[in-house]
Number of protein chains: 4
Amino acid sequence: MHFENHIPIYLQIIELIKKQVILGILKPGDKLESVREFAAEIKVNPNTVQKAYQEMEREGLAYSQRGIGRFIVEDESLVKQLRHDASKLIIEDFISKMTEIGYSNDEILDRLKAKLNGG
Amino acid sequence: MHFENHIPIYLQIIELIKKQVILGILKPGDKLESVREFAAEIKVNPNTVQKAYQEMEREGLAYSQRGIGRFIVEDESLVKQLRHDASKLIIEDFISKMTEIGYSNDEILDRLKAKLNGG
Amino acid sequence: MHFENHIPIYLQIIELIKKQVILGILKPGDKLESVREFAAEIKVNPNTVQKAYQEMEREGLAYSQRGIGRFIVEDESLVKQLRHDASKLIIEDFISKMTEIGYSNDEILDRLKAKLNGG
Amino acid sequence: MHFENHIPIYLQIIELIKKQVILGILKPGDKLESVREFAAEIKVNPNTVQKAYQEMEREGLAYSQRGIGRFIVEDESLVKQLRHDASKLIIEDFISKMTEIGYSNDEILDRLKAKLNGG
DNA sequence: GTGGTCTAGACCACA
DNA sequence: GTGGTCTAGACCACC
């Protein structure tokens with residue numbers, strides 16, 4: 001796996017897993033790969049995966065059962081929630097950044113349409 | 001000046017100045033505030049401003065004249081260039097993030113329109 | 001290590017490392033000494049080494065991995081490239097300087113031969 | 001006039017004048033342009049020209065007569081001397097730099113010949 | 001342990 | 001006055 005240099009790897013791991021939940025690759029209640037397994041697979045230090053998993057627990061996205069493993073929380077509304085939270089942040093961030101460099105709402109929409117229709 | 005906590009101050013300074021150029025507050029050829037002046041004004045260490053300025057030089061946005069000061073490069077196309085580069089990055093980032101969490105082009109546009117028309 | 005007085009130490013560090021890469025003492029992919037280690041070894045401030053290393057990163061000669069270390073880029077053509085770039089600059093600089101003080105191509109060659117053969 | 005950024009302007013001025021002497025544009029005994037005239041011509045601060053002239057006096061290359069002006073020293077061997085000194089430094093610098101990056105004497109000669117014959 | 005950032009303070013050459 | 005460099009020392013996040 002390829003990591004962006006300026007963002008902590010453990011955060012990138014969390015984002016990766018969140019996306020998999022949003023896209024249905026991982027479902028509520030599913031077991032996560034073990035720290036060692038996953039670390040080996042994506043070639044990072046196990047401590048880094050450990051930190052990512054712990055952070056996910058802290059956020060209420062996962063929980064651990066001793067001796068058995070870690071699981072995505074069994075909250076069926078989780079997917080919707082994640083998707084909604086993520087998209088809201090992304091959209092707000094987008095608008096504020098464009099506004100800061102002087103784009104009006106109409107220009108933002110125009111630029112986006114142009115980009116979506118053809119590159 | 002108020003700084004975001006997790007982004008290096010020198011990067012925030014660069015962004016601030018780029019925005020000022022884009023918005024026409026600073027024009028090509030204009031003299032930048034001296035390192036010491038600017039540092040005092042925004043209450044950071046002069047070295048931090050120095051680092052920001054030097055990074056801007058490396059990016060080709062400014063140049064220094066010893067004993068005289070630092071200047072925005074005298075490239076009249078600079079403003080357009082900066083605005084275009086910035087908006088391109090922002091838009092591409094936006095689309096790729098939305099796509100990664102499963103939004104279609106139409107959904108992206110719909111969500112954006114909704115947000116722009118009233119929140 | 002001995003430093004020329006009028007050239008910034010951090011630039012001399014960069015030149016030193018480039019030469020080591022060119023001469024094969026450092027190979028692509030090799031780990032650089034840590035900032036602190038190297039600083040202690042050559043008796044300069046760690047910040048000075050840091051600055052040299054960061055400049056090498058900007059030039060695409062090295063990259064850093066947080067918490068792990070810094071490495072020469074894993075580009076096998078790097079050595080050739082560095083050697084070629086360096087020699088090209090040196091030769092062009094030499095010829096232009098000699099030409100500027102009125103030496104013809106033949107005279108340049110004669111003077112060089114004389115110097116190489118003994119004096 | 002265009003100045004290299006990393007070399008002090010006053011040194012570049014000295015080099016310029018030395019070259020003019022070597023090339024016979026300025027002859028021993030010739031009057032130098034006044035500080036103000038020259039400064040205006042090459043668009044630098046008069047102080048900078050002043051410093052260049054003073055340094056040339058210190059080196060024994062020029063002398064001043066109060067109220068009259070500054071002159072290149074009337075030493076007929078000066079031209080030869082300057083040319084010889086300059087070329088010696090340039091050649092030694094060239095050889096040592098090429099040797100440091102692993103070029104043998106033969107390779108140095110080959111590269112130079114290649115460059116002089118067409119490249 | 002590693003690199004990254006920041007502060008404080010100093011000295012220098014240059015204009 | 002200006003920018004450029006360097007030191008000393010500190011704190012942080014990351015691995």
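Quick caveat, the model's predicted, so the values are computed rather than measured.
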Task: Base-contact (B) and sugar-phosphate-only (S) positions in nucleotides 1-8 of chain E, heavy-atom cut-off under 4.0 Å, - elsewhere - done: BBBBBBBB
TODO: Please answer whether the main-chain N or O of Leu11(A) pairs with a side-chain N or O of Glu55(A) as donor and acceptor at a distance below 3.5 Å.
DONE: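 Absent.
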Scan the side chains in residues 31-50 of chain C for donor-acceptor partners under 3.5 Å anywhere in the protein, sequence neighbours excluded, and list what turns up.
| from | atom 1 | to | atom 2 | distance (Å) |
| --- | --- | --- | --- | --- |
| Ser34(C) | OG | Glu37(C) | N | 3.1 |
| Asn45(C) | OD1 | Asn47(C) | N | 2.8 |

Task: Shortest non-hydrogen contact from Ile72(D) toward Tyr63(D) - done: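 Heavy-atom minimum between the residues: O-CE2, 3.7 Å.
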TODO: Could you pull out all residues at least two apart from Arg70(D) that satisfy side chain to side chain donor-acceptor pair (under 3.5 Å)?
DONE: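 If we apply the side chain to side chain donor-acceptor pair (under 3.5 Å) test to Arg70(D), skipping adjacent residues, the hits are Glu57(D).
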Open item on the list: Going by salt bridge (Lys or Arg N to Asp or Glu O under 4.0 Å), name the pairs with one or both residues in residues 8-22 of chain A, residues two or more places apart or in two chains.
Closed with: Lys18(A)-Glu59(A), Lys19(A)-Glu100(B)
- [ ] Fill in the dot-bracket string of DNA chain F, one character per base: . for unpaired, | for a pair to another strand, ( ) or [ ] for pairs within the strand, taking Watson-Crick or G-U pairs under 3.5 Å.
- [x] ||||||||||||||.
Can I get a per-line list of side-chain donor-acceptor pairs under 3.5 Å for residues 83-95 of chain A, giving both atom names and the distance, sequence neighbours left out?
| from | atom 1 | to | atom 2 | distance (Å) |
| --- | --- | --- | --- | --- |
| Arg83(A) | NE | Ile101(B) | O | 3.3 |
| Arg83(A) | NH2 | Gly102(B) | O | 3.1 |
| Asp85(A) | OD1 | Gln81(A) | NE2 | 3.1 |
| Asp85(A) | OD2 | Gln81(A) | NE2 | 3.4 |
| Ser87(A) | OG | Arg83(A) | O | 3.1 |
| Ser87(A) | OG | His84(A) | O | 3.0 |
| Ser87(A) | OG | Tyr103(B) | OH | 3.2 |
| Ser87(A) | OG | Arg111(B) | NH1 | 2.9 |
| Ser87(A) | OG | Arg111(B) | NH2 | 3.3 |
| Lys88(A) | NZ | Glu92(A) | OE2 | 3.2 |
| Glu92(A) | OE2 | Lys115(B) | NZ | 3.0 |
| Asp93(A) | OD2 | Lys97(A) | NZ | 3.1 |

TODO: Run the numbers on Ile13(D) and Lys51(D) for side chain to side chain contact (heavy atoms under 4.5 Å, CB included), then give the verdict.
DONE: CA-CA 10 Å; Ile13(D) 293 173; Lys51(D) 179 155 186 181; over 6 Å; no
